[in-house]
Amino acid sequence: DPELLTVRALRLLKSADKIVADSQALHIALAYVHEDKVVSTVGEDEIELEPAEAAKLVLEYAREAQLVVRLVIGDPIISGRLVPEISVLRRSHANFEIVPGVSEVTGIPAFAGFNLTGGKSHEVRILNGTDSGIEWESLVNPRETLVFLESGDLASAIADKLLKAGRDPLTPIALTRNGTTVDQRTTMSTLGAVGALLKGSKDAGPGFVVVGEVIDQREKYNWFEKKELVGWRVLIPRTQDNTAEMIQVLKAHGAVPSE
């Protein structure tokens with residue numbers, strides 16, 4: 001959601017001479033600045049540039065501009081994505097600063113309607129579902145909430161591995177796709193039942209998986225996906241003079257506006 005930028009991030013975006021953005025972050029930049037200021041990190045082969053190459057692109061523009069903003073999707077502090085880019089900048093003696101935003105680790109659960117601790121859960125473990133080195137036997141403590149990044153298509157596999165490791169089949173699991181946007185949808189189940197639930201699902205792509213009893217809070221605290229127009233797609237004629245205002249009103253009520 002572009003509106004989850006911090007005040008400082010927004011100020012820097014608006015004052016930047018050039019913005020180098022991840023392909024998935026382009027819409028955020030374009031929500032606030034003219035497209036002439038924005039360049040994507042997608043190369044000529046339509047593949048996202050490697051971190052070192054993205055950093056070189058930033059340096060290239062920095063030679064001609066006073067302020068270059070590197071806009072990154074997700075939470076690069078948790079994923080470690082910034083390390084190789086910063087290494088290139090440091091070797092080039094370029095000055096830089098890091099401006100953190102709302103992390104997906106806390107932002108998506110907030111929009112999905114549950115905390116990451118509470119009740120018997122007092123600890124949080126953050127993992128990447130694609131990591132082949134996860135020690136599943138260490139993840140069976142019911143006091144721990146498990147957060148799996150980049151795991152949209154791995155919820156069933158995650159549940160199977162946790163069950164084999166000994167975690168309770170009745171442990172709640174939640175899969176959220178398109179978190180914090182008007183397309184957000186959360187699927188709730190248990191470790192023992194989620195495989196069958198998702199077997200016939202046509203949904204695919206990026207997602208955020210949480211495992212733990214904290215998901216039960218959603219029954220009381222779900223607010224975003226209960227908005228009046230959630231699931232509605234509304235076509236707005238381009239002839240409307242107040243299109244921008246109407247789009248904001250529709251989004252505020254959970255609809256997906258389309259021009």
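Note that the numbering runs from 1 along the sequence shown for the chain. These numbers were taken from a predicted model, which means no experiment stands behind them.
- Between the side chain of Ser151 and the backbone N or O of Gly129 there is at least one donor-acceptor pair closer than 3.5 Å.
- Looking only at distances, no side-chain donor or acceptor of Arg70 sits under 3.5 Å from a matching main-chain atom of Ala55.
- Using a 4.5 Å cut-off on side-chain heavy atoms (C-beta onward), Thr117 and His122 make no contact.
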Chi angles and distances behind the side-chain contact (heavy atoms from CB on, under 4.5 Å) call for Thr145, Glu123: CA-CA 6 Å; Thr145 300; Glu123 301 176 29; over 6 Å; no

From CA spacing to verdict: side-chain contact (heavy atoms from CB on, under 4.5 Å), Lys56, Ser92: CA-CA 9 Å; Lys56 290 177 182 178; Ser92 300; over 6 Å; no

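- Across every non-hydrogen atom of Phe208 and Val210, the tightest pair is CE2-CG2, 3.4 Å.
- Atom-to-atom distance recorded for Ile19:CD1 and Ile28:CD1 is 11.0 Å, nearest 0.5 angstrom.
- Atom OG of Ser23 is separated from atom CD1 of Ile73 by 8.5 Å, given to the nearest 0.5 angstrom.
- Between the side chain of Asp75 and the backbone N or O of Ile77, at least one donor-acceptor pair lies under 3.5 Å.
- Counting heavy atoms from C-beta outward, Leu149 and Ile78 have side chains that approach closer than 4.5 Å.
- Distance alone, capped at 3.5 Å, is enough to place a donor-acceptor pair between the Lys227 side chain and the Ala252 backbone.
- When all heavy atoms are compared, the tightest approach of Gly195 to Ser156 is CA-OG, 3.6 Å.
- Val209 and Val105 fall into different hydrophobic clusters, where Ile, Leu, Val, Met, Phe, Trp and Tyr side chains are chained together by heavy-atom contacts under 4.5 Å.
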Derivation and outcome, side-chain contact (heavy atoms from CB on, under 4.5 Å), residues Phe148 and Leu154: CA-CA 9 Å; Phe148 291 90; Leu154 301 174; over 6 Å; no

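- At least one side-chain heavy atom of Leu163 sits under 4.5 Å from a side-chain heavy atom of Pro169.
- With hydrogens and angles left out, the side-chain atoms of Glu225 and Thr186 include a donor and acceptor closer than 3.5 Å.
- Heavy-atom contacts from other residues, nucleotides or ligands closer than 6.0 Å to CD of Glu50 number 12 or fewer.
- Using a 4.5 Å heavy-atom threshold, the side chains of Asp131 and Leu127 count as separate.
- Other residues, nucleotides and ligands contribute only 12 or fewer heavy atoms inside 6.0 Å of the CD atom of Glu135.
- Across Glu48 and Val42, no two heavy atoms sit closer than the pair OE1-CG2, 3.8 Å.
- A donor-acceptor contact under 3.5 angstrom links the side chains of Thr130 and Asn128, judged on distance only.
- Taking all atoms of both residues into account, the shortest heavy-atom contact from Pro109 to Glu104 is CD-O, 3.5 Å.
- Put simply, CG on Leu49 and OG on Ser40 are 7.5 Å apart, with the number rounded to the nearest 0.5 Å.
- Remark: Phe96 CZ is packed, more than 12 non-hydrogen atoms of other residues, nucleotides or ligands lying under 6.0 Å away.
- Of the inter-residue distances, the one linking Ile134 atom CD1 with Leu139 atom CG reads 7.0 Å to the nearest 0.5 angstrom.
- Looking at Arg11, its side chain never comes within 3.5 Å of a backbone N or O of Thr6 through a donor-acceptor pair.
- Looking at every heavy atom in both residues, Tyr32 comes nearest to Leu5 through CE1-CD1, 3.5 Å.
- The backbone N or O of Gly118 lies less than 3.5 Å from no partner atom in the side chain of Ser121, so there is not a single donor-acceptor pair.
- Side-chain contact between Leu146 and Arg167 is present, with at least one heavy-atom pair separated by less than 4.5 Å.
- With values rounded to the nearest 0.5 angstrom, Asp160 atom CG is found 6.0 Å from Lys164 atom NZ.
- Salt bridge annotation for Glu213-Lys120: absent, with no cationic side-chain nitrogen under 4.0 angstrom from a carboxylate oxygen.
- Sparse packing is recorded around CD of Glu3, with 12 or fewer heavy atoms of other residues, nucleotides or ligands lying under 6.0 Å away.
- No path of Ile, Leu, Val, Met, Phe, Trp and Tyr side chains, each step under 4.5 Å between heavy atoms, connects Val72 with Val99, placing them in separate hydrophobic clusters.
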Stepwise side-chain contact (heavy atoms from CB on, under 4.5 Å) check, Leu30 with Val38: CA-CA 7 Å; Leu30 295 174; Val38 183; 3.9 Å; yes

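- Salt bridge Arg81/Asp22: present, at least one basic N to carboxylate O contact under 4.0 Å.
- Salt bridge status for Glu97 with Arg8: present, with a side-chain N to carboxylate O gap under 4.0 Å.
- Between Leu71 and Val20, the closest side-chain pair of non-hydrogen atoms is not below 4.5 Å.
- Between the side chains of Gln184 and Thr176, no donor-acceptor pair is found at a separation under 3.5 Å.
- Using modelled atom types, no side-chain atom of Tyr61 and backbone atom of Leu67 make a donor-acceptor pair closer than 3.5 Å.
- The 12-atom threshold is exceeded at NZ of Lys37, counting heavy atoms of other residues, nucleotides or ligands nearer than 6.0 Å.
- Taking hydrophobic clusters as Ile, Leu, Val, Met, Phe, Trp and Tyr residues chained together by side-chain heavy-atom distances below 4.5 Å, Ile173 does not share a cluster with Phe114.
- Gln217 CD: more than 12 foreign heavy atoms inside a 6.0 Å radius.
- Side-chain atoms of Trp223 come within 3.5 Å of backbone N or O of Ala110 as a donor-acceptor pair.
- Each of Val147, Ile215, Ile126 was compared with Leu116 under the side-chain contact (heavy atoms from CB on, under 4.5 Å) criterion, and only Val147 meets it.
- Contact annotation: the side chain of Leu250 approaches that of Ile236 to within less than 4.5 Å [non-hydrogen atoms, C-beta and beyond].
- Atom OG in Ser201 sits 6.5 Å away from atom CZ in Arg177 (nearest 0.5 Å).
- The heavy-atom pair separating Asp17 from Ala65 by the smallest distance is CB-CB, 3.4 Å.
- Note on Val88: it clusters hydrophobically with Ile98, by side-chain heavy-atom contacts below 4.5 Å among ILVMFWY residues.
- A side-chain donor-acceptor contact under 3.5 Å links Arg218 to the backbone of Ala112.
- Leu13 is listed as a side-chain neighbour of Val69, based on a closest heavy-atom distance under 4.5 Å.
- Judged by distance alone, the side chain of Asp1 and the main-chain N or O of Thr181 form no donor-acceptor pair under 3.5 Å.
- When the side chains of ILVMFWY residues are joined at heavy-atom separations under 4.5 Å, either directly or via intervening members, Leu191 and Leu175 end up in a single hydrophobic cluster.
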